[in-house]
Each structure stands twice: as structure tokens, then as C-alpha cells.
Amino acid sequence: MASASPTANNAATTPTKLKVKRFPPAQTPTNTYLTDEKGVWAWLTTVDHKKIGLMYLGAVAIFFALAGFLAIALRTELWTPAKTFIEADTYNQLFTLHGAMMVFFVLVPSIPAALGNFILPMQLGAKDVAFPRLNLASFYIYVFGAIFTFLSLANNGFDTGWTFYTPYSSDSNSAGIIWVTLGVFILGFSSILTGTNFITTIHKLRAPGISWDRLPLNIWALYATSIIQVLATPVLAITILLLAMENILDIGIFDPALGGDPVLYQHFFWFYSHPAVYIMIVPGFGIISEVITTFSKKTIFGYWAIALSSLAIAFIGFLVWGHHMFTSGQSAVATTIFSFLTFLVGIPTGIKIFNWVATLYRGSISMKTPMLYVFIFIFLFSIGGFTGIMLGALSVDIHLHDTYYVVAHFHYVMMGGTLIALLAGLHYWWPKMTGKMYNEPLAKIAAGFIFVGFNVTFLPQFIMGAQGMPRRYYNYIDQFTPFHQTSTIGSYILAVGFLIILYYLAHSLFKGKQAGPNPWNSRGLEWQSTSPPDFHNFSHTPVVIHGPYDYHQPMEEFQLGLAVEHGHGEEHAAADATSSEAVEAVESATSETTEA
């Protein structure tokens with residue numbers, strides 16, 4: 001058997017040295033993704049991840065405004081113990097639509113599909129996601145799911161609550177339920193495709209030098225979220241499909257009148273919907289990690305602890321669905337196990353909180369608007385987490401189940417967590433997305449309105465719930481009137497905060513100051529591109545030799561790219577460098593790119 005020649009062996013074992021240059025981003029870009037393709041049709045047919053992310057963001061903003069309007073209407077109705085201006089049946093439909101829109105149209109897609117689509121490829125140094133056309137398809141699937149859901153309104157609506165519990169969804173108006181369940185069924189495919197796209201992109205399209213220990217924590221969070229989306233969403237799709245079949249074909253699956261089991265529906269639904277809570281909140285954790293390091297100018301404390309805690313939350317999240325069913329009659333052994341697992345899932349979340357606080361310690365903290373939202377997030381989400389532990393305790397949950405205590409807890413986690421993190425990320429990456437700076441004093445005023453309004457709205461609901469006020473009730477006894485009226489006033493304050501945000505962000509698009517490529521002086525790879533970014537994100541293939549939070553390293557070493565013929569830049573002696581880390585990173589890296 002012939003042996004390989006020594007020359008061939010040497011060629012196979014000797015790594016190729018890649019020459020790199022420094023590519024400082026231009027202060028005033030001449031060609032960006034916003035100017036490359038113009039016109040409505042170009043936007044509707046684009047496969048650019050940045051434009052798709054903005055279309056998601058616009059759709060989410062519209063649905064959030066609609067759901068928020070419904071919330072204001074509900075709170076206004078609850079100003080008095082009896083009817084204020086809405087009929088009881090209408091009230092049931094409004095809170096159902098509010099919950100369904102907020103969960104399925106806003107919270108689930110807001111960070112992964114909107115901000116994630118825009119930022120993820122840039123943080124990886126990629127030109128786009130792995131499957132650009134599939135990315136566009138997932139957006140249109142999302143839109144079609146929304147259309148199907150709203151068609152239910154033309155068929156007498158639905159009043160089951162956003163969980164679609166049987167027998168409510170069986171005894172209710174069949175046509176409206178069929179349309180909304182088909183809408184949610186379609187929405188699930190959008191979530192699955194987005195998760196699949198992100199997982200593939202993270203595995204296959206990282207820039208040279210980005211090893212797993214150099215991934216931004218935002219990418220780790222989106223990676224864990226994508227795993228949940230791919231594994232959990234099919235369960236919801238099958239459950240919703242079975243519910244639709246039951247209504248269409250009159251077969252007994254969940255309806256006890258037809259021989260079905262309504263508790264079986266709860267098991268199926270919460271097996272998806274509790275992991276869905278982490279689809280909503282885990283991407284928010286990633287944003288908080290990015291913002292904290294940027295505005296404290298410190299290396300993140302406990303990188304691997306934060307990264308792996310996202311995966312731990314994703315795993316444990318699949319095991320705790322039964323804590324929604326402590327009053328459903330399941331066995332004492334099952335409820336005890338689910339209670340223990342509920343406490344267990346708090347550990348990786350607590351790890352994140354403690355590591356964020358440790359990162360802040362002795363940092364050079366800059367109290368810009370994104371950082372304000374980080375502190376608001378930590379305060380509000382901690383309250384949501386502690387009250388979740390209360391609801392995980394069997395003896396306490398029996399009394400608090402289906403009361404306003406649960407409503408307040410859910411909003412402190414979802415709105416105080418996910419939505420506040422979304423606002424932190426939106427203000428953080430707004431200069432990158434638009435190239436414009438917003439009005440900083442107005443932004444801080446809006447943050448104050450949101451913080452005050454949120455707490456005035458939902459803190460009284462903890463007290464009401466502890467005193468026995470059931471959730472979803474149209475009427476209530478007089479003793480709860482002061483709490484409801486305080487909560488309603490808080491909702492108005494909250495609305496003012498969001499209107500201020502809408503004003504100054506819209507104003508910044510037309511009259512905002514130019515942001516520059518890196519207004520926050522961040523070390524993140526996405527900030528080493530122009531603002532707004534180039535159509536392909538970078539004019540070069542980035543090369544990474546440091547972690548994304550190495551603020552002790554000079555900025556110049558975060559602006560490296562492969563020295564290609566059409567590029568220009570300051571020569572950086574990576575091929576002949578004395579830094580062994582730079583040589584190892586560049587020599588061992590392989591360039592992977594994708595075409596839109």
C-alpha cells in the first residue's frame with residue numbers, strides 16, 4: 001500500500017496563515033441596506049434578514065398597540081364594580097383577544113423574530129441567515145396566521161380566554177373557535193422555521209475565530225430559545241389541530257360531553273405553553289447581558305454560567321408544565337414533583353441575576369436609556385420570579401390559583417421581563433438599525449413613566465389576588481374598588497410612557513442626529529459595521545481574535561477582516577503577529593459565508 005509523501009503530509013498538517021487587515025467602519029456610510037433596494041415591492045420580496053426583522057418589528061408594534069388599546073378598555077370597564085360601558089360578553093371577548101394577541105403575536109415573536117433576525121447574523125459576522133427565503137416565508141406565515149385569527153371576529157369572535165380551555169372552546173361559538181385555532185396553528189410554523197433557521201446559522205455561519213466560547217451571550221440565549229421553538233411548538237400545533245377537529249367533526253377528544261377529557265387538553269397545552277414562557281423571556285436575558293457589559297465597560301462575570309444557564313432553563317422548562325394544574329385533581333406525587341421542579345428552574349435564572357449584579361460591581365456605569373431599562377428589568381423580573389416561587393408552593397397556590405395574584409405575576413414576568421428587555425434592546429440597537437440617535441432626555445422620561453405606571457397597575461393586583469379577587473371577572477364586590485381604580489390609573493400612566501416612546505423614535509427617523517458606527521463604544525461585532533449596516537452587513541469577512549466582552553483590549557483588534565483584494569484598510573500583522581492568540585485564531589479559522 002503506497003504511503004503519502006512527506007510533502008503532502010506537511011501540507012495537510014501545516015495550517016494556512018490568513019492575512020488580515022483592520023477595517024474601521026465608515027462614519028458616514030454611502031451604501032446601506034436601507035438605500036440598496038427601494039420601493040414597497042422590494043421590501044415585500046426582500047430576503048435581507050435586516051429588512052425582515054424590521055417588518056417583524058413593525059407587525060409586532062401594530063399588534064402591541066391593538067392589544068394595549070384592549071387592555072386600556074378592560075381597565076376602564078373595571079373602574080366600577082358593575083357595568084361601566086362594556087357588556088359582559090364583550091368583556092370576555094376583549095380579554096381573550098388581548099391575551100391571545102399579546103402572547104402569540106407580540107411576546108413570542110418580538111425578540112427572536114424582530115431583534116433576533118436583525119442582530120443574530122451581524123453578531124456572528126455572517127452575511128445573512130442560513131435560509132434567507134425560508135426566513136421571508138416565516139414572516140408571511142406569521143401574517144397569514146394573524147389574518148386567520150382576526151377572521152374569527154367576523155364569526156362572532158371567541159371568549160374562551162387565551163388558553164382555549166375545554167369545555168369553553170367546545171361549548172362556545174364553533175366558527176370563531178375554528179378560525180382562531182387555525183390561526184394559532186399556522187403561527188406555530190413561523191416559530192418552528194425561525195428556530196430552525198437560527199440553529200443552522202449559529203452552527204454553520206460563524207465568522208473566522210468565533211468559537212463557542214466567543215459567542216455573544218445574546219446568541220446563546222437565541223440558541224436556547226430556538227431549541228424550545230423547534231421541540232415544543234409542534235405539541236401546540238397538534239393540540240390546536242385536535243381542538244379544531246373536535247369542533248369541525250364533533251369527535252370526542254377533549255369535550256367531556258363527547259367522551260373526551262378536558263384535563264388531557266391542559267396537559268397538552270401547558271407542555272408547550274410553559275416552555276413558551278421561556279421562548280418569550282430567555283431572549284430577553286440575552287439582551288440584558290449585552291447591554292450590561294456595554295454600559296459598565298466590563299467583561300461579563302461568569303460567561304459560561306450565564307451561557308449554560310440558558311440551556312438549563314430550556315431543558316428544565318419542559319418538565320414543569322404540571323404546576324399550572326395543581327387544582328386539576330392530579331395525584332399528590334405528581335404535584336409534589338412539579339412543585340420541586342418549579343423551584344429548580346429558579347436556580348439558573350438566579351445565576352443570571354447574580355452574575356449581572358457582579359458584572360456591575362466596580363464597573364464604569366453609564367446611565368443611558370438602555371441601561372435604565374436593564375435596572376427596571378432586574379427589579380420587575382425579580383418580583384415576578386419571587387411571586388412565581390410562591391405560586392410553585394402547593395399550599396399557597398391552592399388559594400391563589402386563578403386569582404389576580406396570577407395575573408400580576410404573569411405580567412411582572414412577561415411585561416416586566418420580556419417587554420422591558422425588548423425596550424432595552426430596541427433603544428440599544430436603534431442607532432445601528434436606523435443610523436439615528438433618539439432624544440435621550442425624553443427616553444429617560446418615558447422609562448420613568450413606564451416604571452411608575454407598571455407598578456401602579458400591577459402591584460395592587462397582588463393584594464387583590466391575596467384577598468381572593470378572581471381573575472377575568474366582569475363584576476366585583478365593593479371592597480376591591482380602590483385597588484381596581486388604582487390599577488386603572490396606572491394603566492393610563494403606562495400608556496403615556498409608550499406614546500412618548502412612539503413620538504421620539506418616529507422623530508429620530510426624520511430629525512435625529514447621525515449615530516455613527518459605534519455610539520456606545522461597544523466591543524460587539526455588530527458595532528464594527530456602519531450604521532445603518534451595509535446590505536451584506538460587512539464589506540469584508542470579519543476575523544475575531546477576542547471575546548465580545550474583552551473591554552480591556554483595544555478597539556482596533558475588534559475591527560479585523562480577511563485581507564481581500566477589493567478591500568481597503570490598515571494593515572494588521574496577524575499573519576506575522578507576535579500575539580500567539582491572534583496567530584492561532586486566524587490560522588485555525590475557516591471562512592464560512594452565505595449568499596442571500
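Excluded from the calculations below are hydrogen atoms, water molecules and symmetry mates; all remaining heavy atoms, backbone and side chain alike, are included.
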- Are any side-chain N or O atoms of Gln330 and backbone N or O atoms of Gly322, one a donor and one an acceptor, separated by less than 3.5 Å? yes
- Does Arg471 have any salt bridge (charged side-chain N to carboxylate O under 4.0 Å, His left out) partners at least two apart in sequence or in another chain, and if so, which? Asp402
- Measure the acute angle between the ring planes of Phe295 and Tyr428, then classify it against the limits of 30° and 60° as parallel, tilted or perpendicular. perpendicular
Side-chain donor/acceptor pairs under 3.5 Å, residues 449-460, sequence neighbours excluded:
residue : atom : partner : partner atom : Å
Asn455  : OD1  : Tyr412  : OH           : 2.8
Asn455  : ND2  : Phe451  : O            : 2.8
Thr457  : OG1  : Gly453  : O            : 2.7
Thr457  : OG1  : Gly490  : O            : 3.1
Thr457  : OG1  : Ser491  : N            : 2.9

- Would you check if the side chain of His411 reaches a backbone N or O of Val407 as a donor-acceptor pair within less than 3.5 Å? yes
- Query: Do the two ring centres, one from Phe64 and one from Phe498, sit under 6.0 Å apart?
  - Reply: yes
- Mind checking the CG-CD1 spacing from Leu344 to Ile316? Nearest 0.5 Å is all I need. 4.0 Å
- Query: Crowded around Tyr361 OH? As in, over 12 foreign heavy atoms under 6.0 Å?
  - Reply: no
- Note on the structure: Heavy-atom closest pair (Met414 atom, Val277 atom, distance to 0.1 Å) is CE-CG1, 3.6 Å
- Task: Could you tell me which residues satisfy side chain to side chain donor-acceptor pair (under 3.5 Å) with Trp162, sequence neighbours excluded, listed by chain and number?
- Result: none
- Derivation of the side chain to side chain contact (heavy atoms under 4.5 Å, CB included) call for Gln485 and Thr481: CA-CA 6 Å; Gln485 292 183 347; Thr481 301; 3.4 Å; yes
- Please tell me if the side chains of Ile186 and Ile141 come closer than 4.5 Å, counting only heavy atoms from C-beta onward. yes
- Item | OG on Ser339 to CZ on Phe326, rounded to 0.5 Å | 4.5 Å
- Is the gap between the ring centers of Phe189 and Phe185 under 6.0 Å? yes
- Working to the nearest 0.5 Å, report the span between CE of Met371 and OG of Ser296. 5.0 Å
- Query: At what distance, to the nearest 0.5 angstrom, does CD1 of Ile248 lie from CD1 of Ile178?
  - Reply: 4.5 Å
- Item | Matching residue for Phe285 among Phe381, Tyr223, Trp220 - test: ring-ring contact (aromatic ring centres under 6.0 Å, His included) | Phe381
- Go through Ser191 and Gln229 one step at a time and tell me if the side-chain hydrogen bond (donor to acceptor under 3.5 Å, both in side chains) criterion holds. CA-CA 6 Å; Ser191 188; Gln229 287 176 307; 3.1 Å; yes
- Message: In this structure, is the centre-to-centre distance between the rings of Tyr91 and Phe95 below 6.0 Å?
- Response: yes
- Got a sec, which residues hit side chain to side chain donor-acceptor pair (under 3.5 Å) with Thr349, two or more places apart in sequence or on another chain? none
- Message: If you count heavy atoms of other groups shown closer than 6.0 angstrom to OH of Tyr503, is the number above 12?
- Response: no
- Message: With heavy-atom distances below 4.5 Å as the criterion, would you say the side chains of Phe343 and Ile389 are in contact?
- Response: yes
- Task: Would you sort out whether Tyr492 and Thr76 count as a side-chain hydrogen bond (donor to acceptor under 3.5 Å, both in side chains), showing the intermediate values?
- Result: CA-CA 9 Å; Tyr492 297 158; Thr76 303; 2.7 Å; yes
- Closest non-hydrogen atoms of Phe198 and Gly116, given as atom of the first, atom of the second and distance, are CZ-C, 3.9 Å
- Which residues share a side chain to side chain contact (heavy atoms under 4.5 Å, CB included) with Tyr473, sequence neighbours left out: Met469, Pro470
- Message: If we check ring-ring contact (aromatic ring centres under 6.0 Å, His included) with His274, which of these qualifies: Trp270, Tyr278, Tyr272?
- Response: Tyr278
- Message: Tell me if a side-chain donor or acceptor on Ser190 pairs with a main-chain N or O of Ser138 at a distance below 3.5 Å.
- Response: yes
- Query: Looking at Leu422 and Ser110, what are the two nearest heavy atoms and their distance?
  - Reply: CD2-CB, 3.9 Å
- Message: So, using side chain to side chain donor-acceptor pair (under 3.5 Å) as the criterion, who are the partners of Thr84 when residues are at least two apart?
- Response: Thr80
- Can you check whether Val230's main-chain N or O pairs, donor with acceptor, with Thr233's side chain at less than 3.5 Å? no
- Note on the structure: In terms of heavy-atom contacts, Glu246 and Asp255 come closest through OE2-N, 2.7 Å
- Query: Just wondering, are more than 12 heavy atoms of other shown residues or ligands nearer than 6.0 Å to CZ in Phe318?
  - Reply: yes
- Are Thr96 and Val180 close enough that some pair of their side-chain heavy atoms sits under 4.5 Å apart? no
- Please work out whether the ring planes of Phe139 and Tyr56 are parallel, tilted or perpendicular, with thresholds of 30° and 60°. perpendicular
- Query: Do the ring centers of Tyr476 and His484 come within less than 6.0 Å of each other?
  - Reply: yes
- Message: Any heavy-atom pair between the side chains of Tyr405 and His399 that's under 4.5 Å?
- Response: no
- Note on the structure: Separation between CD (Gln93) and CG (Leu97), nearest 0.5 Å, reads 8.5 Å
- Apply the side-chain contact (heavy atoms from CB on, under 4.5 Å) test between Met415 and each candidate in Leu380, Leu494, Val106; give the one that qualifies. Leu494
- Message: Run the side-chain hydrogen bond (donor to acceptor under 3.5 Å, both in side chains) test on Thr369 and His427 for me, step by step, so that the C-alpha distance in whole Å, both residues' side-chain angles and the decisive distance to 0.1 Å come before the verdict.
- Response: CA-CA 7 Å; Thr369 302; His427 286 81; 5.7 Å; no
- Just say parallel, tilted or perpendicular for the rings of Tyr265 and Phe269, cut-offs at 30° and 60°. parallel
- Item | Verdict with supporting geometry, Phe118 and Trp429, side chain to side chain contact (heavy atoms under 4.5 Å, CB included) | CA-CA 9 Å; Phe118 196 104; Trp429 284 305; over 6 Å; no
- Query: Between CE of Met390 and CG of Asp397, what distance do you get to the nearest 0.5 Å?
  - Reply: 10.5 Å
- According to the interplanar angle, ranging from 0 to 90°, do the rings of Trp321 and His267 count as parallel (below 30°), tilted (30 to 60°) or perpendicular (above 60°)? perpendicular
- With respect to Phe268, which candidate in Val263, Ile253, Ile240, Thr239 satisfies the side-chain contact (heavy atoms from CB on, under 4.5 Å) definition? Thr239
- Check step by step if side chain to side chain contact (heavy atoms under 4.5 Å, CB included) holds for Gln461 and Phe483. CA-CA 7 Å; Gln461 296 183 12; Phe483 300 109; over 6 Å; no
- Task: Give the C-alpha distance, both sets of side-chain angles, the deciding distance and a yes or no for side chain to side chain contact (heavy atoms under 4.5 Å, CB included) between Phe105 and Thr149.
- Result: CA-CA 10 Å; Phe105 300 157; Thr149 302; 3.5 Å; yes
- Query: Heavy-atom distance under 4.5 Å between the side chains of Met433 and Leu54, does that happen here?
  - Reply: yes
- Message: With heavy-atom distances below 4.5 Å as the criterion, would you say the side chains of Glu290 and Ile119 are in contact?
- Response: no
